[in-house]
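These notes are about the structure you will find just below.
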Amino acid sequence: MADKKPLLGETPAAAPPHYEAQAIQHGALPARNGPPAGKNPLPRGPFPLDIPVLNQLRGKRVILASASPRRKQIIAALGIPNIEITPSTKPENLSKEDLGPLEYVLQTAIQKCLDVYEVSLANSLKSIPDPSLVLSADTVIVTNAGKILEKPRSEADHLATLKMLRDQKVHKCYTAVAALAPREDARGPGYNLETTVEETKVYFDGDVSDELIEAYVKTREGVDKAGGYGLQGMGSLLVDRIEGSADNVVGLPLRATLALIEKAVMNQGEDGESEEED
């Protein structure tokens, strides 16, 4: 079919902008030749969240009491630069049987947070300020029978764990988060400690084959993860769906963590006021 020609006196329709030029303008593709002469390049997003608590923490010392690269990646989304990674060296030897899943994961996160905070104060120098915030987290997987699963201890344990989770179809993931900020008024114990435990239900695909589980275990992706699988990676092949926060399963519920940071850093007068009223 021949192209339609404009009628006499009619202005030809303008061609749409070139796709690559638009992609460069929106940041989807890099500009090959740089900005136009005499002009500075425009900054590209995403930009840090402009909220009071994060603005207050920028330029301050913030410690993540975890060696998990996944938690570091999640907390970095808030736009806090130069987060220190200082994992706790204290043994995680609390009794699962005596405490139960919720209290166990919570007390483990608190123990990590306090340990790293106390060590940072003991090793402080005049040239290094005390931390303005310490964050810690702990994640466990809990079966239908209430058994706490952490990281697999061996390949055989890893295989047995994933097959059990598949056969049970549904289990729970609990992540406890602790946020500690020094009190400006130095009222005892000298810091605010805010905590939460978040729950996500995870449904495994009951049709996942033994062969797929065995192949996944051989990738070694899940060796350092509670329950032995990584929802953010190839482990998603084992999962049918979830109910709740996905980043809670990955290791750090971001929205709940931001709320804790705000409480610990910004709401330091509330506890004192309530104690005086009592």
**Study point:** T196 and E198: side chain donor to acceptor below 3.5 Å
**Key:** yes

Point to revise | Within one Ile-Leu-Val-Met-Phe-Trp-Tyr cluster: L231 and V170, side-chain cutoff 4.5 Å | key: no

Point to revise | Neighbour count >12 (heavy atoms, 6.0 Å) for atom CD, Q73 | key: no

Check your understanding: Can K112 and D138 be said to form a salt bridge (Lys or Arg N to Asp or Glu O under 4.0 Å), step by step?
Key -> CA-CA 9 Å; K112 291 178 180 180; D138 191 62; 3.0 Å; yes

Point to revise | Donor-acceptor pair between T139 and R71 side chains, under 3.5 angstrom | key: yes

Review point. Please walk me through it: do Q232 and R70 pass side-chain contact (heavy atoms from CB on, under 4.5 Å)?
Key: CA-CA 9 Å; Q232 73 279 20; R70 298 168 297 281; 2.6 Å; yes

Practice item. Check ring pair (Phe, Tyr, Trp, His ring centres under 6.0 Å) between Y174 and all other residues, then give those that pass, not counting sequence neighbours. Key: none

Revision key, fill the gap. In this structure, CG of L254 is separated from CG of L78 (nearest 0.5 Å) by 4.5 Å

Review point. Hey, are R61 and S132 close enough side-chain-wise for a donor-acceptor pair under 3.5 Å?
Key: no

**Study point:** More than 12 heavy atoms from other groups under 6.0 Å of CG on N82
**Key:** no

Check your understanding: Is H158 reaching over with its side chain to a backbone N or O of G228, donor-acceptor style, under 3.5 angstrom?
Key -> yes

Review point. With a cut-off of under 6.0 Å to the ring centre and 45° to the axis, is R183 in cation-pi contact with Y191?
Key: no

Check your understanding: Can any side-chain N or O of D157 pair as donor or acceptor with the backbone N or O of R153 at less than 3.5 Å?
Key -> yes

Check your understanding: Going by atom types only, do D98 and S95 share a side-chain donor-acceptor pair under 3.5 Å?
Key -> yes

Check your understanding: Listed by chain and number, what are the salt bridge (charged side-chain N to carboxylate O under 4.0 Å, His left out) partners of K60, not counting sequence neighbours?
Key -> none

**Study point:** Full working for side-chain contact (heavy atoms from CB on, under 4.5 Å) between L180 and L133
**Key:** CA-CA 6 Å; L180 183 153; L133 177 70; 6.0 Å; no

Review point. If you round to the nearest 0.5 Å, how far is CG of L54 from CD1 of I261?
Key: 6.5 Å

Practice item. For the pair T200 (side chain) and S245 (backbone), establish whether a donor and an acceptor sit closer than 3.5 Å, ignoring hydrogens and angles. Key: yes

Review point. Is there a donor-acceptor pair closer than 3.5 Å between any side-chain N or O of T175 and the backbone N or O of L252?
Key: no

Check your understanding: If you look at every heavy atom in I85 and S66, which pair is closest and at what distance?
Key -> CG2-O, 3.1 Å

Review point. Does the salt bridge (Lys or Arg N to Asp or Glu O under 4.0 Å) test come out yes or no for R255 and D247, once each step is laid out?
Key: CA-CA 9 Å; R255 182 165 55 181; D247 51 19; over 6 Å; no

Practice item. Begin with the C-alpha distance, continue with both residues' side-chain angles, and end with the deciding distance and a verdict on salt bridge (Lys or Arg N to Asp or Glu O under 4.0 Å) for E155 and K218. Key: CA-CA 8 Å; E155 182 171 314; K218 289 177 182 177; over 6 Å; no

Check your understanding: How about E243 and Y203: does a side-chain donor come under 3.5 Å of a side-chain acceptor?
Key -> yes

Review point. Looking at V116 and P87, what are the two nearest heavy atoms and their distance?
Key: CG2-C, 4.0 Å

Review point. Can we say E150 and K96 salt-bridge, meaning some charged N sits less than 4.0 Å from an Asp/Glu carboxylate O?
Key: yes

Check your understanding: What distance separates Q107 CD from L94 CG, expressed to the nearest 0.5 Å?
Key -> 7.0 Å

Point to revise | By ring pair (Phe, Tyr, Trp, His ring centres under 6.0 Å) - contacts of Y216 (at least two apart) | key: none

Practice item. Step through the shown structure and confirm whether more than 12 heavy atoms of other residues, nucleotides or ligands are within 6.0 Å of NZ on K72. Key: no

Check your understanding: What are the two closest heavy atoms between S136 and A109, and how far apart are they?
Key -> OG-O, 2.6 Å

